[in-house]
Amino acid sequence: MKELDLDWSNLSFGYMKTDYNVRCYYRDGAWGEVEVSDSENISLHMAATCLHYGQEAFEGLKAFRGQDGKIRIFRLEANAERLQHTCDGIMMPQLPTEKFREMVLKVVKMNERFVPPYESGASLYIRPLLIGTGAQVGVHPADEYLFMIFVMPVGPYFKGGFSTNPYVVIRQYDRSAPLGTGIYKVGGNYAASMRANKMAHDLGYSCEFYLDAKEKKYIDECGAANFFGIKENTYVTPKSTSILPSITNKSLMQLAEDLGLKVERRQIPIEELDTFEEAGACGTAAVISPIERIDDLEMKRSYVIAKDGKPGPICRKLYDTLRGIQYGDIEDRHGWVTIVE
Ligand SMILES: *Cc1c(COP(=O)(O)O)cnc(C)c1O
């Protein structure tokens, strides 16, 4: 196979064609055989439920090349389980964990030459996608589905080093309702977030910050990342029925506990932001994006968290530990990593 000549350290987070993708169809009540394709296109019925009624779910995970040359995939079982939960949420058939695992391993292996070298700090982003392909015009779940996975190399998130960002509270738009689909990883939540996201960017912020939709009192999420705050040796993260259960957050809670911090999952009133010594947004893309400050423009308030503008020591420790596990530099005590053989 040809060696790739890519500028690994300067990749962005953007689509790039790789060699193969994998697909599996659900028909007549059962998942079929795994197929490999080198085409970037899919053929779709114009009345497919994913197009009209948003019967669509996705996942996002990463593979990393270690110093030993081995490829490690982070928490693929957790992603498989979250996808199953999402399937229940929008009436799609669950994809078994075994099938998910087989397909992730296959697509990574087949695109091995796109897994960035250890030194670059880049990784391979893995995008599983499940869509309703059966034709319906009435609002019903489809009877046919397509699950597919494609991959692409993505750059290191912090090009200029681990650094802080400002966020802005958006009160005009809600991303998800208290009993809605916010807990599922579905495209519809993203469609609902685009205006808020654009507004935040136009105002010069890195991301939008959501409060709970019902009372606008408690912290929900930061764009497509979960929130956590650190104070008095405690890791605090919101408990809410409208946020996506981030696997990065779940991992950080465990690591915080390992480091001897207390972990609390509870409602966090926005005013409590004043009391945090550190805070971050967490997700697969950045692991942790430390928060410099959060501006609540309508309330004419600004919560400054990183007083010196720099990431705090606990954020850095958590970040270094998680990245260390992902790249194989730190022992994987919790069995989070799958090595591609
Ligand atoms: C995917 C996602 C996250 C982050 O989840 P990870 O599993 O950590 O990548 C957070 N919030 C939303 C809305 C998401 O879609």
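It should be emphasised that the depicted structure is a prediction, and the values quoted were computed from it without experimental measurement. Every number for a ligand or one of its atoms is a count from 1 in the order of the listing.
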Nitrogen or oxygen contacts under 3.5 Å, ligand 1 side and protein side:
residue  : atom   : partner : partner atom : Å
ligand 1 : 7 (O)  : Arg82   : NH1          : 2.8
ligand 1 : 7 (O)  : Arg82   : NH2          : 3.1
ligand 1 : 7 (O)  : Ile247  : N            : 2.9
ligand 1 : 8 (O)  : Ser246  : OG           : 2.6
ligand 1 : 8 (O)  : Ile247  : N            : 3.4
ligand 1 : 8 (O)  : Thr248  : N            : 3.0
ligand 1 : 8 (O)  : Thr248  : OG1          : 2.6
ligand 1 : 9 (O)  : Thr284  : N            : 3.0
ligand 1 : 9 (O)  : Thr284  : OG1          : 2.6
ligand 1 : 11 (N) : Glu221  : OE1          : 2.5
ligand 1 : 15 (O) : Lys185  : NZ           : 2.7
ligand 1 : 15 (O) : Tyr190  : OH           : 2.4

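Side-chain N/O atoms of Tyr205 and Asp295 include a donor and acceptor closer than 3.5 Å.
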Please output the side-chain donor-acceptor pairs of residues 327-341 that fall under 3.5 Å, not counting sequence neighbours, one pair per line with the distance.
residue : atom : partner : partner atom : Å
Tyr327  : OH   : Gly121  : O            : 3.2
Tyr327  : OH   : Ala122  : O            : 2.9
Asp329  : OD1  : Tyr118  : OH           : 3.3
Asp329  : OD2  : Tyr118  : OH           : 2.7
Asp332  : OD1  : Gly335  : N            : 3.2
Asp332  : OD1  : Trp336  : N            : 2.8
Asp332  : OD2  : Trp336  : N            : 3.2
Asp332  : OD2  : Val337  : N            : 3.0
His334  : NE2  : Asp258  : OD2          : 2.7

Should Tyr319 and Phe162 be marked as a ring-ring contact (aromatic ring centres under 6.0 Å, His included) after you check the CA-CA gap, both sets of side-chain angles, and the distance that decides it? CA-CA 9 Å; Tyr319 175 79; Phe162 192 51; 4.2 Å; yes
Please assess Phe227 against Phe209 for the test ring-ring contact (aromatic ring centres under 6.0 Å, His included), listing each intermediate value before the final yes or no. CA-CA 9 Å; Phe227 171 88; Phe209 199 89; 5.7 Å; yes
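For Tyr25 and Phe147, the gap between ring centers reaches or exceeds 6.0 Å. Ring centroid separation for the pair Tyr190 and Phe58 comes in under the 6.0 Å cut-off.
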